[in-house]
Amino acid sequence: MKIYFIVCLAITSVLARDDGLVLTPPMGWLSWTRYACEIDCVKYPKSCINEDLYKEQADRLAADGFKELGYNYVNIDDCWSEMQRDGNKRLVADKKRFPNGIKALADYVHSKGLKLGIYGDVGPKTCAGYPSQNGVNGSNYFTIDAKTFAEWGVDSFKFDGCNEDPKHFDDLFPKMGKALNESGRQMVYICEWPLYQHFHNPPIAVNYEAVAKTCHVFRNFGDIADSWSSIESTINFYGDNYDMFSKYQGPGHFFDPDMIVVGDYGIAYHHARTQMAMWSMFSAPLYMSNDLRQLSAEDKKILQNKAIIAINQDKNAFMAKRISNSGGQQVWTKRVEPQVNGQWSYAVVYIDTNGIGDKRYISKKVSELAIDAKNGTQYTVYDLYLDDGKEVLATLKTTDSLELLVATGGGCRVTKLVPNK
Ligand SMILES: *[C@@H]1O[C@H](CO)[C@@H](O)[C@H](O)[C@H]1NC(C)=O
Ligand SMILES: *[C@@H]1O[C@H](CO)[C@@H](O)[C@H](O)[C@H]1NC(C)=O
């Protein structure tokens, strides 16, 4: 087991991007799951894609304690532009919905100490039919658009893969990455590249080594929906494919299981806690897609849990490993700081997905959870959803078991095991 981990570490460090951007997973807000392509601002003035939406979410990030915790990207998704480019072939923001243009919006977001992200697509049209970078037929737009985004002060670019044959992606996504780099402005490059190859019929083998060298963030599973079943299938996808994926994940290059839907309509309190915990276990980007103007105190507390965010932002950016999955019960473990006497701490999540019963126990030996534990080591166990992780649950030896009561139907318990000195 130890040898296995050493091999993993060696591969990870070779793959790391060297531009120093987002060494820990980016955090912030992204409009898609909650607002999609709602452009009727007469009927839906508070929930359409316009500059006020992004400004008001930025206001909340800055004023309600999110920014201090690391949530600092405000990301635009599809449907932000005019249907035609201007006389210089440059993209133009929709004149009614973004009357001041993207540069002014970026200035506003920057004035709040935050960063702005924007969206495009590699095909001849975006997913919602807007002008795009048009890779195969119009590769000129790569350079012109990257320059435009840089001039506007954009800090992040999400590149979608609609309306194009994904067999061209291995060529096109690095080209756009090069154009972004040559713009001279650092931008977080969010790629949907593996997603479309994975779901192509027949599937196209994903060159993850190239993806991880090119993109800071990469989506490889279907869009998240505001439902527990969507969250559960996403969790299972990463559990099933850990061995294939984990070596391509590290500081500066992260798998993206898509947005956080805590605060939306479709999931219960226990599911919200499980999504936040598992996205943190994955070292995934934390892009909330919700309405920060109308967040319950309960949801805000989940999203602002410092101990869970620390698991997400752990500098090693490891993916969690599912070490057991049976009878509707899953156990996940992730090596995190601090290391004490050469032994790692571990974040541990227990999930119960059974639909029957009230609450159920899950029990695992400490030696199975703390994979590098030496005999005789004692661990202090903290409950991360209690009192921001300051609550000590137990002190356990490697031969002891960590047994916890878990809410069924998608509830979780989240703990951290720290070796005693
Ligand atoms: C792209 O180019 C091909 C070949 O030149 C052409 O058949 C096709 O219609 C073009 N598509 C678009 C969207 O311009
Ligand atoms: C461009 O790429 C190089 C090499 O990875 C990197 O050092 C540099 O910071 C990048 N520049 C921008 C503007 O992203």
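Counting from 1, the numbers follow the sequence of the chain as shown. This structure is a prediction, so every number in the text was calculated from the model and none was measured.
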Check [X] against [Y] and note the closest heavy-atom contact, atom names and distance.
X	Y	answer
Ser183	Ala146	CB-O, 3.6 Å
Ser227	Ile267	C-CG2, 3.5 Å
Tyr141	Gln133	CB-O, 3.5 Å
Gln304	Asp64	NE2-O, 2.8 Å
Lys115	His110	CA-CD2, 4.2 Å
Pro285	Phe255	CD-O, 3.3 Å

Go through the steps to decide whether Gln343 and Thr377 satisfy the test side-chain hydrogen bond (donor to acceptor under 3.5 Å, both in side chains), and finish with yes or no. CA-CA 9 Å; Gln343 294 178 89; Thr377 305; 3.0 Å; yes

Which is it for Arg293 and Asp59 under the side-chain contact (heavy atoms from CB on, under 4.5 Å) test, yes or no, and what are the steps along the way? CA-CA 9 Å; Arg293 299 164 299 193; Asp59 291 345; over 6 Å; no

Cys127/Asp121 under side-chain contact (heavy atoms from CB on, under 4.5 Å): CA gap, chis, key distance, verdict: CA-CA 7 Å; Cys127 300; Asp121 188 285; 3.8 Å; yes

Sorted by chain and number, sequence neighbours left out, ring-ring contact (aromatic ring centres under 6.0 Å, His included) with Phe282 holds for Tyr238, Trp279, Trp332

What side-chain hydrogen bond (donor to acceptor under 3.5 Å, both in side chains) pairs are there with at least one residue in residues 260-274, not counting sequence neighbours?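 Qualifying pairs: Arg34-Asp264, Arg34-Tyr265, Tyr269-Arg273.
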
Among all residues two or more places apart in sequence or in another chain, which pass the disulfide (SG to SG under 2.5 Å) test with Cys191?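 Cys191: disulfide (SG to SG under 2.5 Å) contacts with Cys215.
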
[Y] ring center within less than 6.0 Å of [X] ring center:
X	Y	result
Tyr119	Phe149	no
Phe237	His198	yes
Phe169	Trp193	no
Trp80	Tyr54	no
Tyr287	Tyr73	no

Within the 4.5 Å heavy-atom criterion, are [X] and [Y] side-chain neighbours or not?
X	Y	answer
Thr33	Asp223	no
Met288	Leu30	no
Leu295	Leu303	yes
Thr415	Leu369	no

Are [X] and [Y] linked by a side-chain donor-acceptor pair shorter than 3.5 Å?
X	Y	value
Asn181	Gln186	no
Thr214	Lys178	no
Asp78	Thr126	yes
Asp145	Thr148	no
Gln330	Asn236	yes

Lys147/Glu151 under salt bridge (charged side-chain N to carboxylate O under 4.0 Å, His left out): CA gap, chis, key distance, verdict: CA-CA 6 Å; Lys147 267 194 178 158; Glu151 280 170 34; over 6 Å; no

Please answer whether the main-chain N or O of Gly328 pairs with a side-chain N or O of Thr353 as donor and acceptor at a distance below 3.5 Å.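 Indeed, once roles are kept as given, a pair shorter than 3.5 Å links the two residues.
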
For the pair Ser345 (side chain) and Pro338 (backbone), establish whether a donor and an acceptor sit closer than 3.5 Å, ignoring hydrogens and angles. yes

Please name the residue in the list Phe254, Tyr208, Phe221 that meets the ring pair (Phe, Tyr, Trp, His ring centres under 6.0 Å) test with Phe245. Tyr208

Run the side-chain hydrogen bond (donor to acceptor under 3.5 Å, both in side chains) test against Asp388 and tell me which residues pass, sequence neighbours left out.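 side-chain hydrogen bond (donor to acceptor under 3.5 Å, both in side chains) list for Asp388, sorted by chain: empty.
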
Residues 401-421 vs salt bridge (Lys or Arg N to Asp or Glu O under 4.0 Å), sequence neighbours excluded, gives Asp383-Arg413

Using side chain to side chain contact (heavy atoms under 4.5 Å, CB included) as the criterion, list what pairs up with Pro131, not counting sequence neighbours.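 Only Ser81, Met83, Leu91 meet the side chain to side chain contact (heavy atoms under 4.5 Å, CB included) criterion with Pro131.
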
Exactly one of Asp291, Asn290, Asn72 clears side-chain hydrogen bond (donor to acceptor under 3.5 Å, both in side chains) with Trp29, and that residue is Asn290

Kindly check if the number of other-residue, nucleotide or ligand heavy atoms within 6.0 Å of [atom1] ([X]) is above 12?
X	atom1	value
Lys125	NZ	no
Phe199	CZ	yes
Asn375	CG	no

Output the distance between atom CD (Glu368) and atom OG (Ser363), rounded to the nearest 0.5 Å. 9.0 Å

Check the pair Asp170, Gln197 against side-chain hydrogen bond (donor to acceptor under 3.5 Å, both in side chains), reporting the backbone distance first and the verdict last. CA-CA 10 Å; Asp170 291 9; Gln197 295 188 326; 3.0 Å; yes

For Tyr108, is the NZ or CZ atom of Lys55 found under 6.0 angstrom from the centre of its six-membered ring and inside 45 degrees of the ring axis?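 Geometry flag: set, cation within 6.0 Å and 45°.
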
Apply side-chain hydrogen bond (donor to acceptor under 3.5 Å, both in side chains) to Asn420 and Thr380, showing your working. CA-CA 7 Å; Asn420 289 350; Thr380 303; 2.5 Å; yes

Could you please spell out the steps behind the side-chain hydrogen bond (donor to acceptor under 3.5 Å, both in side chains) verdict for Asn316 and Glu337? CA-CA 8 Å; Asn316 305 288; Glu337 302 290 336; 3.0 Å; yes

